[in-house]
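Numbered from 1 within each chain, the chains take letters A, B, ... in sequence-line order.
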Amino acid sequence: MLALALGQPIVLGIVQGAAFGLMAIGLVLIYKSSRVFNFAAGEFATLGAFAYYLSKDKVPVPIAAVIGVVVGIVAGLLTERLVVRPLANRPKVTVLVATAATAITIIAVQFLAGATGKTFAVPALWKGTLPFRILGLYVSYQQLIVLLALALAGGALALFFSQTDLGLATLATSQEPTASRLMGIRVNRVAMLTWGLAGGLGGLAGVLLSPTLGNFTPAYGTTDLLTQSFTAAVLGGMTSVPGAFVGGLALGLVQNLAQFNISSDTLPGAQFVAVLVVLVIVLLVRPTGILGKEA
Amino acid sequence: MALLEVRDLRVGYGAIPVLQGIDFDVEEGKTTVLLGLNGAGKTTTVATIAGLLKPTAGSITFDGNRIDGKDTAMLVEVGLTLVPEGRRVFPALTVEQNLRLGTWTKRKRKAEIAATQERVFEYFPILAERRLQLAGTLSGGQQQMLAIGRGLMSLPRLMLIDEASLGLSPALAKTVFQIVDRINEDGTTVIIVEQNVGVLRHADAALVMEKGEIVYQGSGDELRRGDELRTTYLGGSA
């Protein structure tokens with residue numbers, strides 16, 4: 001009984017939260033480097049999931065997953081080159097609207113390609129479950145992979161920002177683009193790097209979460225992941241990679257604990273209300289978010 | 001041959017012309033001061049030399065090579081650095097990280113960078129004391145020192161410093177100018193953009209700008225000692 005009330009939502013919450021965290025890190029990267037909210041991020045995930053789905057029968061599943069990530073990277077790079085860079089001297093709100101238009105365009109292409117109303121089943125990267133229970137529940141290898149991916153991505157990016165010249169240049173560009181140019185940093189290249197990374201993280205989230213859920217629908221990155229990932233990024237502080245990591249996990253846990261323990265008769269959509277309540281509390285107590293600093 | 005030669009340089013913002021065809025030379029090893037009132041075109045001049053703005057006509061030659069319209073990163077690589085107006089330090093990074101970013105185009109020249117950092121800390125001991133402090137928490141004067149130090153870390157042959165004394169107390173401005181003298185004595189050619197005529201004491205050559213044109217070129221001493229000249233070209237500020 002306790003396993004059902006706590007164990008299942010905790011395990012599912014952590015796994016789902018890990019996917020939110022991956023996308024939230026991508027959002028934070030873009031925000032840190034260009035102070036833009038990227039509304040196209042959800043569709044980087046959808047494209048990653050589609051690439052995985054379309055290639056899974058033609059190549060081994062791990063290769064299909066890599067293809068999904070690469071498609072996410074390409075989507076990020078193209079968005080920077082074709083949408084963001086031409087608007088570099090326009091107000092940030094113009095760029096924000098342009099990223100939303102990019103998402104709508106990608107969704108429209110999915111519908112035009114005949115995906116309307118369809119559900120796409122995707123296999124796990126690694127089938128089976130761990131040979132032992134956690135909190136009374138079996139945990140699948142797929143769920144474990146999602147967690148490991150988040151930990152690796154979060155750790156690698158934290159090292160990137162704190163230990164490498166390129167990471168430092170990325171932080172500098174977000175704080176003072178003109179001064180960065182005067183240091184000889186090629187700001188456009190840094191922007192491409194961050195958009196490519198963010199696209200890759202979105203693609204990875206799409207590749208990992210869709211098999212965890214068993215299937216996905218067109219535009220699922222925008223409808224199922226984007227709002228939660230934005231909330232996770234804001235919870236974490238919007239400029240903090242570890243914050244996005246923590247924010248994603250917290251969000252996944254809150255959402256699943258509420259969903260499993262508050263019946264829809266008592267409070268319809270309890271999981272969304274719970275997320276909103278947590279967000280408001282965190283922002284009231286700590287307006288900069290859980291780890292709101294440059295990190 | 002002059003280190004920097006500017007010929008008939010014209011720059012505009014959209015259809016509005018700002019520089020109306022200016023000519024001047026900067027000799028290697030000297031300190032040149034670019035004076036003028038607000039809106040005279042001083043910042044536009046140094047921003048164009050540093051590659052932040054593209055000229056509509058004219059030429060800029062650095063060490064014998066045309067550089068007008070070139071990418072800022074390439075100009076830093078060849079030894080031309082601008083310390084911008086308003087300091088523009090990276091506020092959420094430490095003093096040490098700011099200095100490290102100054103080395104971006106030369107970051108593989110480890111020994112020279114280490115020696116230059118020692119030199120920066122010798123010029124500005126306060127930066128050594130506060131090397132782990134976030135730049136945004138430094139005072140205005142300390143941020144100016146950091147901006148100059150960060151510029152030095154790029155190992156420049158020509159350093160352009162825009163409004164070094166802006167917002168500083170007279171005593172602090174004097175200190176900054178004295179350090180600029182030492183930087184010049186140690187081999188870096190300097191162009192200082194200023195509204196403060198007190199800088200003339202530290203100048204080998206002076207240029208005065210008015211409405212996008214150079215209206216005076218001569219020695220710093222000549223302009224400093226000539227009351228009539230100063231009143232003519234710099235009005236009440238003289």
Please check if the number of heavy atoms outside [X] that lie under 6.0 Å from its [atom1] is greater than 12.
X     : atom1 : value
B/K54 : NZ    : yes
A/R90 : CZ    : no
A/R81 : CZ    : no

Select, from B/R107, B/K106, B/R87, B/M153, the one with the greatest count of heavy-atom pairs under 4.5 Å involving chain A.
->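 Option with the top pair count is B/R107.
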Top contributor to chain A interface from B/P91, B/G102, B/A50 [non-hydrogen pairs under 4.5 Å] =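 Counting heavy-atom pairs under 4.5 Å, the top option is B/P91.
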For [X] versus [Y], what's the shortest heavy-atom pair and its separation?
X      : Y      : result
B/F90  : A/S180 : CE2-OG, 3.4 Å
A/E176 : B/R88  : OE1-NH1, 3.0 Å
A/D165 : B/W104 : O-CZ3, 3.3 Å
B/T72  : A/R181 : CG2-O, 3.2 Å

For the residue pair A/T178 and B/L52, establish whether any side-chain heavy-atom pair is separated by less than 4.5 Å.
->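 In contact.
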Take B/T81 and A/L182, measure what side-chain contact (heavy atoms from CB on, under 4.5 Å) needs, and give me the verdict at the end.
-> CA-CA 7 Å; B/T81 294; A/L182 290 171; over 6 Å; no
Please flag which part of [X] lies under 4.5 Å from any non-hydrogen atom of chain A: side chain, backbone, both or neither.
X      : value
B/D71  : side chain
B/V83  : neither
B/S154 : neither

Sub-3.5 Å donor-acceptor pair from the side chain of B/E77 to the main-chain atoms of A/G184, do we have one?
->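 Side chain of B/E77 to backbone of A/G184, a donor-acceptor pair under 3.5 Å: no, none is there.
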Determine, stepwise, if the pair B/V76 / A/M183 fulfils side-chain contact (heavy atoms from CB on, under 4.5 Å).
-> CA-CA 7 Å; B/V76 179; A/M183 300 300 101; over 6 Å; no
